[in-house]
Peer 1: 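So that we are looking at the same thing, I have put the structure below in structure tokens.
Every value quoted in this text rests on a predicted model; they were computed, and no experiment measured them.
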Amino acid sequence: MRNKKMWSLAFAIFAFGKVTVQAQEIQKPGIKSATSFAIVIDKGTYQYAKAEVDAYKKAVEKEGLGTYILVEQWRSPDQVKAELSKLYTQKEAKLEGAVFIGEIPIPMIRDAQFLTSAFKMNQKIRWDKSSVPSDRFYDDFDLNFDFIRQDTAKGREQYFYYSLNAASQQFIEMDIYSARIKPPVLAGEDPKVKIKDYLHKVVRLRGEDNPLTDMIASTGHGYNSNAINAVSGEALALKSQFPNLFKPGNSMKFLNYRNSEFMKFNLLTELKRPGIDFAYMTGHGTPTLQLLNGYPDVSSPQPSMQNVARYLRSKMRSAKEDGRDLEKVKSDFQASLGVNDKWFEAAFSEASIASDSIYNDNMDMQIHDIKDGGIQARLVYLNSCLTGSFQLENYIAGYYPFSTNENIVAVANSVGVLQDLWPAELMGILQHGARVGHWVKQIAYLETHILGDPTFAFSSTRKAALNEALATKTNDAGYWKTLLKTNDADLQALSLVYLSRLLPKDEASNLLKTYYFDSSYETVRMEAFQLLRNFEDKNYFEVLHAAKGDSYEYIRRRVAYDLADFGGDDFVKDQISFYVSDPHSERVSYRTRWNLQFLNPALAHDAVNELIRNNKALVHGDTVANKLDQDIDYHAKKTAAALAIITDVTKLDKDRLSEINSLRLYRNHAMIPALTAIAINEADSEEVRKTALEVMGWFSISVRRPEIIAACDTILSRANDIEAVKKEALKTKKRVSSKKHS
């Protein structure tokens, strides 16, 4: 009888592809496939939109990707992750990706800010603000987290706070891709209705043949120092990545805030134009805004005066809202700007308030602009801060896929991001039919998220083969060697990514060096340079020296970063040489000026004399040299003052901690000996020691890395040292000694 019951259960699973275990419903794939995909959904949403979810599953499976549906009233992120891990580790058709639909717990990650591109917030600030909403919890199984607590505040019950475990892997290398179908809602709106409508749209659009033939790239005000060379360099790189878009019959358009006083209307026109496939939008952002324009860049008197007037009116209104003394605010501006009373007369008139409100609304992309519908671009990428804050009820990126329009996927960030990112990395594989999830899997930081269907892909003759390779051939060096020979920038770059992981170190390093020096493709050279960073060998240093003169502005910019991050005296002349070779690239110049504070002062002065003061070809060389010498001396004094505070045990901990914490951003290698001494000093306070260790974890390619590792080993070898300090030492050691891909 018992065997008969078991047989009946097995038959039911086989026949209907569904099993219920402890109230959890699992629908198995309806087809056999090399890998699989999972739809993770809460019970209420599934009951409401069952027909649409089932149709979505069939649409995904129509492209040969077997799909699970996991239905549960999910109680914690650990519960979700456990189910995904089971599917990933199974022998056949292991999981390649997942989408989270509806009320799925949101991991809020702490103690892992180094896995973001730029986020460095004091974690003593309110936890929902100082944690990173991130689905890397679910899609990178080598990242291990310690549960702290669930939020109990109204509206934040789905927030679950976790700390990155010290013994965990300390870099991101996603095992699967993931996405959220979590629409933004206002009071009174039902997210389930939007989910139902979205899935219906996705099933309809997935049935269309849609190659990537029409793209726009836009740049907002204030991004990357408004640098012309940065924008033009990216345009050249995009031409290498998407050569077919520049041929007759296809389209590639570049929009810039300089094109119009109100760029928004041009951008919206493009986004709503029939035929557009991909919108790549770069700029600053907030959870509810895409910031596009600043006040106009003008030189004639009348518009300049209008800019000043708007500025003063806004400052007076802000002062009134804050309850400050308006007469004092006005007199301060009169003294600093030399303006009279007339400039302030209209600050509080109804007409000027209304006019300025409309003007400010027109400068930026607002939620209502997207919510009104009509967006035609199937894919949008918002390379900006905070627009993808999916943990909030209302966030602007969500209005792209989850409105009445033709958009399927948005890629955006849940917290602030670095301006000097390489956002277009491997973007060219999209034109060959790579699933959006496979692309983002290669480039994601802790904050990077897909909103919508991650299995969406543009039509291409390469589509099936490329997605199969990205899912099943990740360990096949022969395949990637063959693909490397393809005359395509980003297919070559993608091949280098996998070969750098699979080949023996020396062979991989030599290959990367060869492709850096031999390739005419900007993105191939950048990928080779970036991957060599993980090896940190003689080939890397040879390329680092040479790359400061690369024709691609972004490579030069990243070289400026790496020269400072490594910090060796051998590279002082390389940094000063930028003042001669690249003063016209604003973003490179900005980073070079920033780096002055980290240089050996004596060597820096020598380099200034040799390369600038005694350079007969340099116009106004003495002026530049004198300014640099002053700056070098200023930074040397500032470093000495900071060092004195850090090492003074009679100072309050809060004063020492303030200076130590600043080194997360101001990574001055001269401070490492002091930090290691503090870290190993058992007489110092636990918090100061832990902070010194955590800060040293940011020096990932420092010339002083051996000293950092030695200090960590000293602490870890002690039987009776404080456990919290030992955990931080382990974490820091793993961060600075473990290299992704090496």
Side-chain angles (χ1 to χ4, degrees), residues 45 49 52 99-104 106 133 135 155 179-202 204-205 216 218 220 255 262-273 276-292 360-415 417 436 440 447-454 456:
T45 301
E52 287 74 20
V99 63
F100 309 122
I101 302 181
E103 296 182 11
I104 308 301
I106 299 172
D135 287 335
R180 287 265 173 178
I181 295 179
K182 180 182 179 294
V185 291
L186 299 175
E189 291 184 327
D190 186 348
K192 295 192 292 295
V193 175
K194 292 188 175 185
I195 290 170
K196 185 184 182 82
D197 291 343
Y198 170 77
L199 292 173
H200 182 77
K201 173 178 68 174
V202 168
R204 171 176 60 84
L205 293 177
I216 63 169
S218 71
L255 284 72
F262 302 122
M263 173 188 174
K264 172 169 77 173
F265 301 115
N266 293 350
L267 181 55
L268 279 170
T269 298
E270 290 297 320
L271 288 168
K272 295 185 177 187
R273 175 173 52 79
I276 184 172
D277 300 309
F278 181 19
Y280 165 39
M281 297 174 281
T282 288
H284 294 296
T286 75
T288 59
L289 292 172
Q290 286 176 251
L291 303 175
L292 301 178
N360 291 331
D361 186 272
N362 288 340
M363 281 202 299
D364 302 315
M365 190 78 82
Q366 314 283 334
I367 280 178
H368 65 77
D369 295 315
I370 308 303
K371 187 180 181 182
D372 289 346
I375 303 299
Q376 298 295 303
R378 300 297 192 267
L379 170 63
V380 298
Y381 178 19
L382 283 67
N383 174 34
S384 52
C385 296
L386 296 163
T387 52
S389 299
F390 68 91
Q391 79 280 11
L392 303 177
E393 295 233 324
N394 203 30
Y395 65 107
I396 189 168
Y399 284 100
Y400 281 93
F402 308 120
S403 296
T404 305
N405 59 34
E406 303 295 281
N407 177 254
I408 296 177
V409 191
V411 179
N413 302 293
S414 62
V415 297
V417 294
V436 172
V440 173
E447 69 269 20
T448 317
H449 288 85
I450 301 171
L451 308 166
D453 175 15
F456 171 74

Peer 1: State whether the side chain of Asn413 and the backbone N or O of Gly388 hold a donor-acceptor pair below 3.5 Å, judged by distance alone.
Peer 2: no

Peer 1: Only pairs at least two apart or in different chains count here, so list each salt bridge (Lys or Arg N to Asp or Glu O under 4.0 Å) that has a residue in residues 395-408.
Peer 2: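 Listed once each, the pairs are Arg204-Glu406.
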
Peer 1: What closest approach, in Å, do Gly285 and Thr387 show between heavy atoms, and which atom pair accounts for it?
Peer 2: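 The answer is CA-CG2, 4.2 Å.
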
Peer 1: Atom CG of Leu379 and atom CD1 of Ile276: how far apart are they, to the nearest 0.5 Å?
Peer 2: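 One gets 10.0 Å once the value is rounded to the nearest 0.5 Å.
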
Peer 1: Report yes if some heavy atom in the side chain of Lys371 is under 4.5 Å from a heavy atom in the side chain of Leu186; otherwise report no.
Peer 2: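 The answer is yes, as the side chains (C-beta and beyond) meet within the 4.5 Å cut-off.
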
Peer 1: Atom CG of Asn266 and atom OG of Ser218: how far apart are they, to the nearest 0.5 Å?
Peer 2: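 Here the rounded value is 10.5 Å.
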
Peer 1: Are the side chains of Val411 and Thr448 in contact, using a 4.5 Å heavy-atom criterion?
Peer 2: yes

Peer 1: Quick one: closest heavy-atom pair of Ser389 and Pro287, and the distance?
Peer 2: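 Looks like OG-CG, 3.9 Å.
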
Peer 1: Just by modelled atom types, is the Gly102 backbone N or O under 3.5 Å from a matching donor or acceptor in the Thr45 side chain?
Peer 2: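 It does not hold such a pair.
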
Peer 1: With a 4.5 Å cut-off on side-chain heavy atoms, are Ile106 and Arg180 touching?
Peer 2: yes

Peer 1: Do any N or O atoms from the side chain of Lys201 and from the backbone of Asn407 form a donor-acceptor pair under 3.5 angstrom?
Peer 2: yes

Peer 1: Looking at side-chain heavy atoms only, is the closest gap between Pro454 and Val436 below 4.5 Å?
Peer 2: no

Peer 1: Over 60° means perpendicular and under 30° means parallel, so classify the ring planes of Tyr381 and Tyr280, tilted if in between.
Peer 2: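 Tyr280 vs Tyr381 ring planes: parallel.
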
Peer 1: Once side-chain hydrogen bond (donor to acceptor under 3.5 Å, both in side chains) is applied, do any residues pair with Tyr395, and if so which ones, sequence neighbours excluded?
Peer 2: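 For Tyr395, no residue satisfies side-chain hydrogen bond (donor to acceptor under 3.5 Å, both in side chains) once neighbours in sequence are set aside.
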
Peer 1: Considering non-hydrogen atoms only, spot the tightest contact between Phe265 and Asn362 and give its length.
Peer 2: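 Closest approach of Phe265 to Asn362, heavy atoms only: CZ-OD1, 3.3 Å.
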
Peer 1: Supply the atom-to-atom distance Gln376 CD to Leu271 CG, rounded to the nearest 0.5 angstrom.
Peer 2: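 That separation rounds to 10.0 Å.
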
Peer 1: Kindly compute the distance separating NZ (Lys272) from CG (Asn405), expressed to the nearest 0.5 Å.
Peer 2: 9.5 Å

Peer 1: Within the 4.5 Å heavy-atom criterion, are Asp361 and Lys264 side-chain neighbours or not?
Peer 2: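 Touching, per the 4.5 Å side-chain cut-off.
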
Peer 1: Restricting to pairs with a member in residues 386-396, which pass salt bridge (Lys or Arg N to Asp or Glu O under 4.0 Å), not counting sequence neighbours?
Peer 2: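 Listed by first then second residue: nothing to list.
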
Peer 1: Find the distance between CD (Glu52) and CD1 (Ile101) and round it off to the nearest 0.5 Å.
Peer 2: 11.0 Å

Peer 1: Testing the basics here: between Pro133 and Ser414, what is the closest heavy-atom pair and its distance to 0.1 Å?
Peer 2: O-OG, 2.8 Å

Peer 1: Can you list the steps and then say if Ile375 with Tyr400 is a side-chain contact (heavy atoms from CB on, under 4.5 Å)?
Peer 2: CA-CA 7 Å; Ile375 303 299; Tyr400 281 93; 4.2 Å; yes

Peer 1: Calculate, to the nearest 0.5 Å, the distance between atoms CG and CD1 belonging to Leu199 and Ile181 respectively.
Peer 2: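 These two atoms lie 5.0 Å from each other.
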
Peer 1: Between Tyr399 and Asp369, does any side-chain donor sit less than 3.5 Å from a side-chain acceptor?
Peer 2: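 Their side chains do not contain a donor-acceptor pair, so the 3.5 Å distance test is not met.
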
Peer 1: Would you say the side chain of Met363 lies within less than 4.5 Å of the side chain of Phe262, judging by non-hydrogen atoms?
Peer 2: yes

Peer 1: Given side chains that start at C-beta, do those of Asp197 and Lys194 come closer than 4.5 Å, heavy atoms only?
Peer 2: no

Peer 1: At their closest point, which heavy atom of Gly283 faces which heavy atom of Ser384, and how far apart are they?
Peer 2: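 The pair with the smallest heavy-atom distance is O-CB, 2.8 Å.
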
Peer 1: At their closest point, which heavy atom of Tyr198 faces which heavy atom of Ile408, and how far apart are they?
Peer 2: OH-O, 2.7 Å

Peer 1: So, do Leu267 and Ile216 sit near enough that their side-chain heavy atoms are less than 4.5 Å apart?
Peer 2: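 The answer is yes, as the side chains (C-beta and beyond) meet within the 4.5 Å cut-off.
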
